[in-house]
2 protein chains.
Amino acid sequence: MALDRIDVKILELLQRDAHMTAQAIADAAGLSPSPCLRRIRILEEKGILKGYVALVDQKSVGLPISVFLSVRLERQREEELERFSAAINRWPEVVECYLMTGQRDYLLRVVVPDLESYEAFIKTRMSRLEGVASIESSFALSQVKYTNVLPIR
Amino acid sequence: MALDRIDVKILELLQRDAHMTAQAIADAAGLSPSPCLRRIRILEEKGILKGYVALVDQKSVGLPISVFLSVRLERQREEELERFSAAINRWPEVVECYLMTGQRDYLLRVVVPDLESYEAFIKTRMSRLEGVASIESSFALSQVKYTNVLPIR
DNA sequence: GGTGAAATTTTAGGTGC
DNA sequence: GCACCTAAAATTTCACC
């Protein structure tokens, strides 16, 4: 891969605002639009730039609640892990999921409009999954920080 | 706010791909480009569409490790919460932070290139913060799911 | 990596339904 | 409030240096 200063600068700018024009990015990165756009295409082809997305405000669309779930499975065989992964990837309420070290197997962030919906999520989704040993929920009172900008370098 | 079907559809499309042309969005949402773009502008003005960003692959840029920190403060006075919030918002390694109910006060996701950097983060950042009672770290082995797409409706 | 022109797209305005 | 059309402005794209 080998990213130089200019690549890092481009990634930083695009992570903050994907609607910047090639001209503006070029100016900020210290080169002209064409090579700038060429670098961006290369970063896209290499998969370093995964995509461009719009960010939606959770509260504004009636989804104020984030719940974190610690999940333990009964067995950690590949088959079990695969089944769990496939399931949560189908469920739109689950926006993040990590395979963890330590006490629990998975950490999930689930987004719901209210507690009733959360109950429904647990009852109709999680509890019907086979192989789940335990679930522990903690509720987020507020989002103190949320960014897609990675600390590159 | 009152989002209708078309608004929800537009938000869904833009959350997946912000580079869609107004024409393509209009086609998929079942209307013509002009009113489609008008709706998008309104969603932006209302703050429902918070912005457009590029997503960067964590591993590709040498940041394979996500660590989750459970943090408890000694006191939960507004002053303490403010100071903590201000600090973590300054630190680029912290990509997510939630104020939580229950045992801990905060849940953080920290992104680092290696364990050495994580140690440095704990030593030079977290441990120098006043008012922190305890920190508990768990490591993510892999990211099973990560999406910005919210389950609207 | 830079320059410049062509092609596509975005954006705004105006009319009728 | 939307569809449709038109036109101008801006941006991306791709030649070549």
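Quantities reported herein were computed from a predicted structural model and do not represent experimental measurements.
- Among pairs with a residue in residues 97-109 of chain B, those fulfilling side chain to side chain donor-acceptor pair (under 3.5 Å) read Tyr98(A)-Arg109(B), Arg109(A)-Tyr98(B), Ser138(A)-Arg104(B), Gln143(A)-Tyr98(B), Gln58(B)-Arg109(B), Ser66(B)-Arg109(B), Ser70(B)-Arg104(B), Gln76(B)-Asp105(B), Glu96(B)-Tyr98(B), Glu96(B)-Arg109(B), at least two apart in sequence or across chains.
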Please list, pair by pair, any protein nitrogen or oxygen found under 3.5 Å from a nitrogen or oxygen in nucleotides 4-7 of chain C.
unit_1 : atom_1 : unit_2   : atom_2 : d
dG4(C) : O6     : Ser34(A) : OG     : 3.2

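- Less than 4.0 Å separates DNA chain C from no heavy atom of any residue of residues 11-26 of chain A.
- Residues passing the side chain to side chain donor-acceptor pair (under 3.5 Å) test with Ser32(B): none are found, sequence neighbours excluded.
- With sequence neighbours excluded, the residues forming a side chain to side chain donor-acceptor pair (under 3.5 Å) with Ser137(B) are Tyr118(B), listed by chain and number.
- Put simply, CE on Met20(B) and CG on Leu13(B) are 5.0 Å apart, with the number rounded to the nearest 0.5 Å.
- Counting only distance, with no hydrogens or angles, the side chain of Ser85(A) and the backbone of Leu81(A) share no donor-acceptor pair below 3.5 Å.
- Applying the salt bridge (charged side-chain N to carboxylate O under 4.0 Å, His left out) definition to pairs two or more places apart or across chains, those involving residues 20-39 of chain A are Asp4(A)-Arg39(A), Asp7(A)-Arg39(A).
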Would you mind writing out the side-chain donor-acceptor pairs for residues 144-153 of chain B within the sub-3.5 Å range, not counting sequence neighbours?
unit_1    : atom_1 : unit_2    : atom_2 : d
Lys145(B) : NZ     : Ile88(A)  : O      : 3.0
Lys145(B) : NZ     : Trp91(A)  : O      : 2.8
Lys145(B) : NZ     : Val94(A)  : O      : 3.0
Tyr146(B) : OH     : Tyr146(A) : OH     : 3.4
Thr147(B) : OG1    : Val149(B) : N      : 2.9
Asn148(B) : ND2    : Ala54(A)  : O      : 3.3
Asn148(B) : ND2    : Gln15(B)  : O      : 2.9
Arg153(B) : NH2    : Leu3(B)   : O      : 2.9

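- Of the residues in residues 37-47 of chain A, Arg38(A), Arg39(A) come within less than 4.0 Å of DNA chain C through at least one heavy atom, sorted by number.
- Both Pro33(A) and Ile6(B) sit near DNA chain D, but only Ile6(B) has its closest nucleotide nearer the 5' end.
- Recorded end-axis angle for the helix from dG1(C)-dC17(D) to dC17(C)-dG1(D) stands at 30°, based on five pairs per end and rounded to 10 degrees.
- Protein chain B contacts DNA chain D from dC2(D) to dC5(D), reading 5' to 3' and using non-hydrogen atoms of the protein with a distance under 4.0 Å.
- Using a 4.0 Å heavy-atom distance criterion, Gly30(A) is classed as making no nucleic acid contact.
- Applying the 6.0 Å contact sphere to NZ of Lys50(B) captures more than 12 heavy atoms from other residues, nucleotides or ligands.
- With sequence neighbours left out, the side chain to side chain contact (heavy atoms under 4.5 Å, CB included) criterion links Ala18(B) to Tyr52(A), Tyr52(B).
- Grouping the Ile, Leu, Val, Met, Phe, Trp and Tyr side chains by contacts below 4.5 angstrom, directly or via other members, places Phe139(A) apart from Leu99(B).
- Counting non-hydrogen atoms of other residues, nucleotides and ligands closer than 6.0 Å to CD of Glu74(B) gives a total above 12.
- By the salt bridge (charged side-chain N to carboxylate O under 4.0 Å, His left out) test, Glu119(A) pairs with Lys123(A), sequence neighbours left out.
- The number of heavy-atom neighbours closer than 6.0 Å to CZ of Arg72(B), taken from other residues, nucleotides and ligands shown, is 12 or below.
- Following chains of ILVMFWY side-chain contacts shorter than 4.5 Å, one can reach Val132(A) starting from Val110(A), so the two form part of one hydrophobic cluster.
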Glu12(A) vs Arg16(A), salt bridge (Lys or Arg N to Asp or Glu O under 4.0 Å): CA-CA, chis, key distance, verdict: CA-CA 7 Å; Glu12(A) 202 179 300; Arg16(A) 294 200 148 79; 3.7 Å; yes

